[in-house]
Structures are given as C-alpha cells and as structure tokens.
Q: 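One structure follows; several queries about it will come next.
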Amino acid sequence: MRYPARVFAIAVLVAVSCAVVSGCAGSRGGGDIPDDPVLIRKELVEIERQIQNTEEILKGSKAQLQMDETQELREEIRSLEMDLIHLESQQRALEERLEELKAEGKS
C-alpha cells in the first residue's frame, strides 16, 4: 500500500511543479494587462487550462489526504487553493479588461 501512495505523491509533485513553472512563464511582471483583445483571449484560454489542471491536482490531493493525512499534503492543498484563487483573479481581471475594450469599440 505504501508504494502506490509514494508514486501518487511523486506524480502530484511533478504535476504541481509543471503548473507552477507554466504559471510563472505566463505571468507578466508588474501585472500589466494587454490592450490587444486577441492577446487577452489567448491568455484567458491559457488561464482556463491552468485552472482546470489545478482543480484536477487539487481533487487528487484531497483524495490522497483521505488515505494518508500528512502536514505536507495539507500544505500542498492550501498552496493549490491559493494558486486557484490567484488564477481566478487573473481571469476576472482579463475578462473585465476585454469588456472595457469592447465598450471602447476596440474588439
């Protein structure tokens, strides 16, 4: 029973690492929101993909927590939840900017 739990934990760690790296690569320094609707839509698609990935990893982590409750796993879940909140915040900001651009007639 211990071996599958370790394999699962390693898989989750790798997935989280990939999500963090892709999130960092896609983030903008300074929080600039582009004025180009095409770029905003592309960014929204990427953020939606990141949200879906984070939600799946979170589900797996919560399932693992039911089998093996550890402090590390609880911390990982908190971190994933914070990542999810951050991604959703970015998504809302981009959606608002896209609406502003539509109102200005730039879409």
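The first residue in the sequence is number 1, and the count goes up from there. Keep in mind that what you see is a predicted model, and the values were worked out from it rather than measured. For the numbers below, each heavy atom of this structure counts, side chains included, while hydrogens, waters and symmetry mates do not.
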Q: Report the distance from atom NZ of K102 to atom CD of E104, rounding to the nearest 0.5 Å.
A: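 Atom-to-atom, K102:NZ and E104:CD are 13.0 Å apart.
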
Q: Where do Q91 and L44 come nearest, in terms of heavy atoms and distance?
A: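 Taking every non-hydrogen atom into account, O-CD2, 3.6 Å.
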
Q: Does the side chain of E55 come within less than 4.5 Å of I51's, by heavy atoms?
A: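 The answer is yes, as the side chains (C-beta and beyond) meet within the 4.5 Å cut-off.
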
Q: What are the two closest non-hydrogen atoms of L87 and T54, and how far apart are they?
A: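 Heavy-atom minimum between the residues: CD1-OG1, 3.7 Å.
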
Q: Could you tell me the separation between the CD atom of Q50 and the CD atom of E43, rounded to the nearest 0.5 Å?
A: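 Taking CD in Q50 and CD in E43, the distance rounds to 8.0 Å.
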
Q: Would you name the heavy atoms of L65 and R74 that are closest together and state the gap between them?
A: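 The pair with the smallest heavy-atom distance is CD1-CG, 3.8 Å.
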
Q: Do L58 and I85 belong to the same hydrophobic cluster, where Ile, Leu, Val, Met, Phe, Trp and Tyr are linked whenever their side-chain heavy atoms lie under 4.5 Å apart, directly or via other members?
A: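 Cluster IDs for L58 and I85 differ.
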
Q: Ion pair present between E81 and K62, side-chain N to carboxylate O less than 4.0 angstrom?
A: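 Judged by the 4.0 Å cut-off on N to carboxylate O distance, E81 and K62 do form a salt bridge.
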
Q: State plainly whether the residues E56 and K59 are in salt-bridge range, i.e. N to O under 4.0 Å.
A: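 Salt bridge flag = yes for K59 with E56.
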
Q: Given side chains that start at C-beta, do those of E88 and I47 come closer than 4.5 Å, heavy atoms only?
A: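 When only atoms from C-beta onward are counted, I47 and E88 do not touch, as no gap falls below 4.5 Å.
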
Q: Distance only, no hydrogens: is a donor on one side chain within 3.5 Å (strictly under) of an acceptor on the other, for Q71 and E75?
A: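 Per modelled atom types, Q71 and E75 side chains form a pair under 3.5 Å.
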
Q: Which value, rounded to the nearest 0.5 Å, describes the distance between L84 atom CG and I77 atom CD1?
A: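 With rounding to 0.5 Å, CG (L84) is 13.0 Å from CD1 (I77).
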
Q: Could you tell me the separation between the CG atom of D83 and the CG atom of N53, rounded to the nearest 0.5 Å?
A: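 D83 atom CG to N53 atom CG measures 12.0 Å (nearest 0.5 Å).
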
Q: To the nearest 0.5 Å, what is the distance between CD (Q64) and CD (E76)?
A: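 Rounded to the nearest 0.5 Å, the CD-CD separation comes out at 9.0 Å.
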
Q: State the CD-CG distance between Q66 and L73, to the nearest 0.5 angstrom.
A: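 The CD atom of Q66 sits 10.5 Å away from the CG atom of L73.
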
Q: Under the salt bridge (charged side-chain N to carboxylate O under 4.0 Å, His left out) criterion, do R49 and E46 qualify, and how do the steps go?
A: CA-CA 5 Å; R49 185 188 60 78; E46 178 64 23; 2.3 Å; yes

